[in-house]
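Each ligand, and each atom within it, is numbered from 1 in the order the structure gives. Computation of the quantities below employed the complete heavy-atom set of this structure, encompassing side-chain atoms and omitting hydrogens, waters and symmetry-equivalent molecules.
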Amino acid sequence: MTINQQIEHWLTAHKHNSASATRPFVTLSYAQSWDGSITTRSGESLALSGAESTRLTHQLRSLHDGILVGIGTVLTDDPQLTVRNWPGTNPQPIVLDSRLRLPTNARLCQHPDQTCWVLTSLSKGSEFGDQVEIITLEGDAEGRINLAEALTLLWKKGIKMLMVEGGSQVITAFLKAQLADALVLTIAPTLVGGYKGVGNLGITNKLQLPQIRPLHTQMLGDDLIMWGNLHYQEPVKS
Ligand SMILES: NC(=O)c1ccc[n+]([C@@H]2O[C@H](COP(=O)([O-])OP(=O)(O)OC[C@H]3O[C@@H](n4cnc5c(N)ncnc54)[C@H](OP(=O)(O)O)[C@@H]3O)[C@@H](O)[C@H]2O)c1
């Protein structure tokens, strides 16, 4: 089986296992250097994936109902989050944007077939017209979107499989909340010494560190792809 077939098989099994779930199955997927950097520094774009890994990312998008990024990623990369290098349908684009910083000319506001969902803790936003659906949720203590509430809402709106493509603050928040179920990591053969994909998880007890198993690895072009399910041994007390 090719790596594309293996990953499709692995993810599809999760899709079929979700009958009793009340929130989407969440796959984290991003590219990093050998030293764990996703870019040089926050706010800078850095393309790390090779052509084959980019195709795999597009395939992954096609296997999920929704694709979520933080507003930091939108402001930096202006991504389209569409499926272009693989046959398949576009997932629903979703942005975590508590303070509604999404520019009206962002490419996500000109999506070819979906209205972008913006999860915010503000209620205004009429300037977006029908390009964007503003969804207001109560903010947490820091004013940010409560991820558990966001996932419940996304589930009710039909998102059963959710891909989270970054950036670091969002990846870290999903791991801290123990709401990420799987990880597909592209490791590019370079050293960046930059902004790390996973920030401080606030964990001092080794037993609470998220574990990945079973672990799958395979080379794809010059990149190493690692994928597996995330397990949390003990709940983190807040
Ligand atoms: N290599 C890769 O695969 C990859 C992938 C994606 C991004 N990147 C890079 O990563 C950088 C962006 O990452 P980033 O860490 O600065 O930003 P980010 O994670 O994309 O977005 C963070 C922002 O999302 C908003 N947010 C709302 N609710 C949140 C919650 N519950 N938890 C966390 N954030 C929440 C916050 O802004 P508000 O408070 O204003 O809502 C926060 O500042 C860019 O340089 C980009 O190029 C790399």
Side-chain angles (χ1 to χ4, degrees), residues 23 26-50 53-58 60-61 67-81 93-103 106-108 116-125 132 134-154 162-180 183-202 223-227 238:
R23 66 157 177 86
V26 174
T27 310
L28 300 181
S29 183
Y30 57 97
Q32 66 172 47
S33 59
W34 275 30
D35 61 297
S37 307
I38 58 168
T39 184
T40 46
R41 59 192 169 93
S42 175
E44 298 279 339
S45 284
L46 179 70
L48 286 164
S49 302
S53 311
T54 302
R55 261 170 67 77
L56 177 66
T57 298
H58 284 228
L60 278 171
R61 290 177 180 176
I67 182 161
L68 180 147
V69 292
I71 185 64
T73 296
V74 177
L75 293 175
T76 307
D77 299 338
D78 195 15
Q80 301 180 70
L81 304 180
I94 303 155
V95 183
L96 291 185
D97 183 12
S98 334
R99 293 174 284 159
L100 276 184
R101 291 187 284 153
L102 180 73
R107 291 203 280 188
L108 283 177
C116 180
W117 296 351
V118 179
L119 305 188
T120 182
S121 42
L122 299 181
S123 52
K124 59 185 175 126
V132 160
I134 306 285
I135 301 169
T136 303
L137 287 168
E138 219 167 284
D140 65 13
E142 291 157 1
R144 289 191 165 175
I145 306 304
N146 179 305
L147 296 183
E149 278 178 27
L151 290 184
T152 304
L153 179 132
L154 293 176
L162 178 69
M163 178 166 165
V164 174
E165 250 189 54
S168 172
Q169 290 191 51
V170 167
I171 292 164
T172 306
F174 269 92
L175 288 169
K176 265 181 118 162
Q178 302 190 337
L179 289 170
L183 175 65
V184 182
L185 188 58
T186 296
I187 302 182
T190 185
L191 297 167
V192 174
Y195 187 52
K196 299 289 182 278
V198 179
N200 184 0
L201 294 177
D223 298 336
L224 172 63
I225 310 295
M226 303 178 76
W227 71 101
S238 52

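Here the protein heavy atom with the shortest distance to atom 12 (C) of ligand 1 is Thr73 OG1, 3.7 Å. When hydrogens are left out, the protein atom nearest atom 3 (O) of ligand 1 is Ala31 N, 2.8 Å; that is the closest non-hydrogen contact. Among all non-hydrogen protein atoms, the one lying nearest atom 23 (C) of ligand 1 is Ile71 CG2, 3.8 Å. Residue, atom and distance of the protein heavy atom nearest to atom 35 (C) of ligand 1 are Arg144 CD, 3.9 Å. The single protein non-hydrogen atom nearest to atom 45 (O) of ligand 1 is Glu44 O, 2.8 Å, given as residue, atom name and distance. Closest to atom 39 (O) of ligand 1 among all protein heavy atoms lies Ser98 OG, 3.4 Å. Looking only at heavy atoms of the protein, atom 9 (C) of ligand 1 is closest to Ile38 CD1, 3.9 Å. Nearest protein heavy-atom neighbour of atom 16 (O) of ligand 1: Ser42 OG, 2.7 Å.
Between the Asp223 side chain and the Ser53 main chain, no donor and acceptor come within less than 3.5 Å of each other. The backbone N or O of Gln80 lies less than 3.5 Å from no partner atom in the side chain of Arg107, so there is not a single donor-acceptor pair. With Thr172 contributing its side chain and Gly199 its backbone, the two residues share a donor-acceptor pair below 3.5 Å. Thr39 contributes a side-chain N or O that, together with a main-chain N or O of Glu44, makes up a donor-acceptor pair within less than 3.5 Å. The closest donor-acceptor contact from the side chain of Ser121 to the backbone of Leu137 lies at 3.5 Å or more, if one exists at all. No side-chain donor-acceptor contact under 3.5 Å links Thr186 to the backbone of Ala31. Without hydrogens or angle criteria, Asn146 side chain to Gly139 main chain gives no donor-acceptor distance under 3.5 Å. In this structure, the side chain of Thr76 engages the main chain of Gly72 through a donor-acceptor pair within 3.5 Å. Between the side chain of Thr120 and the backbone N or O of Asp97, at least one donor-acceptor pair lies under 3.5 Å.
Listed by atom number, the atoms of ligand 1 under 4.0 Å from Arg99 heavy atoms are 38 (P), 39 (O), 40 (O), 41 (O). Of all the atoms in ligand 1, the ones that sit under 4.0 Å from a non-hydrogen atom of Asp97 are 41 (O). Within ligand 1, counting atoms from 1 as listed, the ones closer than 4.0 Å to a heavy atom of Ala173 are 32 (N), 33 (C). Heavy-atom proximity to Thr76, at under 4.0 Å, picks out these atoms of ligand 1: 44 (C), 45 (O), 47 (O). Atoms of ligand 1 lying under 4.0 Å from any heavy atom of Tyr30, numbered from 1 in the order shown and given with element: 3 (O). Numbered from 1 in the order shown, with element, the atoms of ligand 1 that lie under 4.0 Å from a heavy atom of Thr39 read 45 (O). Near Arg101, meaning under 4.0 Å from one of its heavy atoms, ligand 1 places the atoms 37 (O), 38 (P), 40 (O), 43 (O). Listed by number with element, the atoms of ligand 1 under 4.0 angstrom from any heavy atom of Gln169 are 15 (O), 19 (O), 22 (C), 33 (C), 42 (C), 43 (O).
Distances from atom 17 (O) of ligand 1 to the heavy atoms of Gly72, Ala150, Ser37 put Gly72 nearest.
At a 4.0 Å cut-off, at least one heavy atom of Tyr195 sits close enough to ligand 1 to count as contact. Heavy-atom distances between Asp77 and ligand 1 reach below 4.0 Å in at least one pair.
In terms of N/O distances under 3.5 Å, ligand 1 is not approached by Ser45. At least one N/O-N/O distance between Gly167 and ligand 1 falls below 3.5 Å. For ligand 1, none of its N or O atoms has an N or O atom of Glu165 under 3.5 Å away.
A heavy-atom distance below 4.5 Å is found between the side chains of Ile225 and Leu56.
With Glu165 as the partner, the side chain to side chain contact (heavy atoms under 4.5 Å, CB included) test is satisfied by one option alone out of Ile171, Leu81, Val170: Leu81.
Among all heavy-atom pairs drawn from Val26 and Arg23, the shortest one is CG2-NH1, 3.9 Å.
Residues passing the salt bridge (Lys or Arg N to Asp or Glu O under 4.0 Å) test with Glu149, sequence neighbours excluded: none.
If you look at Ile145 next to ligand 1, the close heavy atoms, those under 4.0 Å, come from the backbone and the side chain alike. Residue Leu147 touches ligand 1 through its side chain alone, judged by heavy-atom distances below 4.0 Å.
Within the structure, side chain to side chain donor-acceptor pair (under 3.5 Å) pairs that include any residue of residues 134-145 comprise Arg144-Gln169 (at least two apart or interchain).
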